[in-house]
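In what follows, chains are A, B, ... by sequence order, proteins preceding strands, each numbered from 1.
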Amino acid sequence: MSTHFIELCKLCEQLEKEASRNLKVNIVVDFLRKISSEEVKFAVYFITGKFPSNLLTLNVGYSTIYQIIKKLSNISDNQYLTEYNKTGDMGETAKKIFEIYPPKTQKTFFEQPSTLTEVYEIFQKIAEFTGESSRVKKQRLIESFLSKITPLEVKYFIKNLIGEMRHGFSEGLMEEAVAKAFNVELEKVRLASMVTGDLGKVCEFLKIFGKDGIEKISLTVFQPIKPMLADLAKNPAEALIRHGGKTSFEFKLDGVRIQIHKKNSNVKIFSRRLKEVTEAFPEIVEKIKHEIKADSFVVEGEIIPTTKNGKPLPFQYIMRRYGRVKNLEKTIKNIATTLYLFDLLYLDGEVLIGKPFYERRKKLEEIAPNQMLTPQLITSNPVEAEKFFEEAIKNGHEGLVAKQLESAYTPGIRGKKWLKIKKVLETLDLVILAAEYGHGYRHDWLSDYYLAAKNLEVKPIFEKDYVSFADYVEKIHNDRFKVVGKTFKGLTDEEIKTLTGKLKNLILEKHGRAVILKPKIVVEVAYSEIQKSPLYSCGYALRFARIVRIREDKTIDEIDTTEKVKEIFEKQFKTTTSNFLER
DNA sequence: CCTGATGCGTC
DNA sequence: GTCGGAC
DNA sequence: GTCCGACGACGCATCAGG
């Protein structure tokens, strides 16, 4: 017996209205129970709005869907914008538009509503189109499907294309629902989800084999596992307290997190989101083959970009290597990498994720050469810990990760057992030069802010062509300010609401959902790093910028300058890699 | 053959 | 990746 | 303590279109 997509859409509408998590879970539990084993995994994907990334890559985004909605309903940009502004949600907007302007179709009489299987097949087909004119093919397929279904189905089909459900029910609560639906302990569901990377499959397994089916799921070589995550701690001392007085500290390295699976001479490297990236790192594969003394294993670590003699380079460099298929050999010559391992999850037939961290690390030390391990310090002394932290920073790393010695490798339940401690940089005082209306629950507020520093060398760029909105904003202000980033983080909803009111009085120009402002509001901004920017005209951008507070006490004459930004950028890597960066 | 738009995945 | 809000 | 939904910069590949 198959389930209709419209039933699932109605379920999602209920989730959207219901605030209580427990009730949301119960609604989904009932749904999962009555659905067939063939379709239950589709339900899991559609409700959470996420397909396992190794399963489907749609290559359809916001922009394509916007064109489709416009074409099918024949509305103007302004009509769309007016409707979108009411909710800030693309699916809901399409639903409303199609209710008033239904797509012209040749609807067959007696057409049956689509089943979950049929809808999934559409997604599969969308993903399968590649190569020449594939974008048109994807678009046509979506258009023809959207013209056949009801506005409510359109809403959720589009939400699934984008992957933003906005009904407050995501992976975490879905795990709870699955556990409850099949009478299995939540921890077991989470564990199974972690080792398969696919909660839908876990659910299917439970449907077929019943509650004992969960015991059959365990870590397998070449089946990537979801990585254990870390919580944030302010400083090493806090980490020590939270870990009960004694803990293991490791350098926190700024690269890409990877897990490496090996069986005999076969090696595969997987990313944090379980994508295979073996091709991009042939030198790592060789190292693994020759320098680790074991036949089959799963290890976890970080690949960071380095100079030839192993000094860390800025994060941006690793991205030139990551996922690359073109000019791979040449890039390998220019950007070296260094592999650091920090965990061992499986070794020669034995699954180790249930074992305490110190034991896994000990076994890792037995099979891997010392220089391949992340530097570690086990201590109960806050002073020593602080020194170790300073050492990490001095060597050009991000900070430390603290790992409770007794902790198993688990998905994020019962408190995160790993804690990251990151270096703190001095904040910058910047002016808000433009803003954008937000999306979803923030659609009524100017919640995304363009942050700019004072530009001392005022050389207006009237003759120069601007390429980006940020460039245009600078031009409006005669280049007196330079944009160094955008942020939506740090203010409370209440502060955003108040600020929106103030900003509305400063509007110079409106551009769609963006506004250009008189320079007036000064904010103190924190960030984790200053990057080289190919986008902003001043050449620098803040990484992970967030507003610390609004500086009512400061005027725009007192904000920081682009010179200061440049100084901080240069200071960041001075100790380790300045020579490399200058060439 | 080159360039800009678009989407994906890393942090 | 980081943050605030809600349960 | 946990989960969720807001969205950032960057670098790559791919495709559309001149």
Side-chain angles (χ1 to χ4, degrees), chain A residues 18-25 48-49 53 57-67 88-89 129-138 162-176 229-232 253-258 271-275 277 280 302-304 314-328 331 398 412-416 420 422 436 438-443 445 447-451 467 484-496 526-536 540-548:
Chain A
E18 181 57 62
S20 156
R21 283 185 196 167
N22 290 336
L23 291 182
K24 278 187 216 261
V25 170
T48 55
S53 57
T57 308
L58 301 172
N59 275 305
V60 172
Y62 210 74
S63 184
T64 309
I65 299 168
Y66 176 58
Q67 287 165 36
D89 182 90
F129 288 126
T130 54
E132 205 176 316
S133 68
S134 61
R135 287 200 175 150
V136 184
K137 287 177 191 162
K138 285 172 199 276
I162 305 171
E164 281 177 341
M165 300 309 286
R166 299 198 168 107
H167 53 22
F169 193 91
S170 204
E171 186 115 339
L173 294 184
M174 184 57 93
E175 284 166 349
E176 283 185 34
L229 302 175
D231 203 359
L232 207 65
L253 309 166
D254 194 9
V256 288
R257 185 163 175 187
I258 44 91
S271 73
R272 182 196 165 112
R273 283 185 196 157
L274 318 190
K275 225 172 72 87
V277 293
E302 187 99 357
I303 299 177
I304 63 167
F315 173 76
Q316 285 170 290
Y317 286 81
I318 196 68
M319 298 316 287
R320 299 194 197 163
R321 288 288 309 272
Y322 190 88
R324 178 183 278 278
V325 289
K326 285 178 175 171
N327 296 324
L328 186 59
T331 319
E398 268 192 307
I413 37 169
R414 300 267 169 84
K416 300 226 177 78
K420 52 186 166 187
K422 296 183 78 163
E436 282 171 13
H439 307 268
Y441 77 90
R442 285 180 160 184
H443 67 272
W445 307 329
S447 61
D448 208 358
Y449 312 109
Y450 286 79
L451 307 168
V467 289
V484 291
K486 247 173 110 185
T487 188
F488 60 95
K489 282 192 289 248
L491 298 179
T492 63
D493 288 355
E494 210 48 49
E495 287 171 320
I496 295 174
Y527 52 91
S528 74
E529 189 185 55
I530 291 172
Q531 298 175 296
K532 270 282 189 194
S533 172
L535 172 66
Y536 295 126
Y540 299 100
L542 307 184
R543 188 179 181 196
F544 309 139
R546 64 264 186 194
I547 296 174
V548 177

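Of the candidates C/dG1, B/dC11, D/dA9, the closest approach to any side-chain atom of A/Ser533 belongs to D/dA9. Relative to the side chain of A/Arg543, the nucleotides B/dC11, D/dG5, D/dC10 differ in distance, and B/dC11 lies closest. Residue A/Phe315 has its side chain nearest to B/dT10 when only C/dG1, B/dC8, B/dT10 are considered. Which of B/dT10, B/dT6, D/dA6 sits closest to the side chain of A/Val256 comes down to B/dT10. The nucleotide whose nearest atom lies closest to any side-chain atom of A/Lys326 is, among D/dA6, B/dC11, D/dT14, D/dT14. Among the nucleotides D/dG11, D/dG5, B/dA5, the one closest to any side-chain atom of A/Tyr441 is D/dG5. Minimum atom distance to the side chain of A/Lys420 is reached by C/dG1, of the listed B/dT6, D/dA16, C/dG1. Listed candidates were D/dC12, D/dG5, C/dC3. Nearest to the side chain of A/Lys489 is C/dC3. Of the candidates B/dT6, B/dG9, D/dA6, D/dA6 carries the atom nearest the A/Arg166 side chain, counting heavy atoms from C-beta on. Considering only the side chain of A/Phe544, B/dC11 comes nearest among B/dC11, D/dC10, D/dT14.
Contacts of A/Leu173 with the nucleic acid, taken as non-hydrogen atoms under 4.0 Å apart, involve only primed sugar atoms and P, OP1 or OP2. Within 4.0 Å of A/Lys138, counting heavy atoms only, lies no atom of the nucleic acid at all. At a threshold of 4.0 angstrom between heavy atoms, the contacts of A/Lys137 with the nucleic acid are absent. Among the protein residues, A/Asn22 comes within range of no part of the nucleic acid, since none of its heavy atoms lies under 4.0 Å from any strand. No contact: A/Glu164 has no heavy atom under 4.0 Å from any strand. A/Ser133 comes within 4.0 angstrom of sugar-phosphate atoms only, judged by non-hydrogen atoms across all strands, and of no base. In this structure, A/Ala541 reaches the sugar-phosphate backbone alone: every heavy-atom distance under 4.0 Å involves primed, P, OP1 or OP2 atoms, never a base. Residue contacts for A/Glu495: at a heavy-atom cut-off of 4.0 Å it reaches no nucleic acid atom on any strand shown. Among the atoms of the strands shown, base atoms are found under 4.0 Å from some heavy atom of A/Phe488. Across all strands shown, A/Arg21 has heavy atoms under 4.0 Å from base atoms, whether or not it also approaches the sugar-phosphate. Using a 4.0 Å heavy-atom criterion, one finds that A/His443 contacts no nucleic acid atom at all. Residue A/Arg273 is classed as a base contact, given a heavy-atom separation below 4.0 Å to a base.
What separates OH of A/Tyr450 from P of D/dC7 is a distance of 12 Å, to the nearest Å. Rounded to whole angstrom, the span from the CG atom of A/Leu535 across to the P atom of B/dT6 amounts to 15 Å. Distance, A/Arg320 CZ to B/dG9 C1': 17 Å, rounded to whole Å. Rounded to an integer number of Å, the gap from A/Arg546 CZ to D/dG5 P is 23 Å.
Comparing the P positions of C/dA6 and B/dT3 gives a spacing of 50 Å, expressed to the nearest Å. Taking atom P in both D/dC7 and B/dC11, one finds a spacing of 22 Å when rounded to whole Å.
Of all the heavy atoms in A/Arg442 and A/Leu491, the pair that sits closest is NH2-O, 4.4 Å.
Under the 3.5 Å distance criterion, with hydrogens and angles disregarded, no donor-acceptor pair is assigned to the side chains of A/Arg135 and A/Thr64. A donor and an acceptor atom, one from each side chain of A/Tyr450 and A/Glu436, are located under 3.5 Å apart.
Nucleotides of DNA chain D nearest to A/Gly323 and A/Arg442 differ in position, and the one nearer the 5' end is that of A/Arg442. Of the two residues contacting DNA chain D, namely A/Glu171 and A/His439, the nearest-nucleotide position lying further toward the 5' end is that of A/Glu171.
Contact check, A/Ser134 against D/dT14: no side-chain N or O comes under 4.0 Å of OP1 or OP2. OP1 or OP2 of B/dT6 sits under 4.0 Å from a side-chain N or O of A/Ser63.
Put simply, the side chain of A/Arg324 and the base of D/dA13 share no donor and acceptor less than 3.5 Å apart.
Remark: A/Arg543 qualifies as a cation-pi partner of A/Phe315 under the 6.0 Å distance and 45° angle criteria applied to the six-membered ring.
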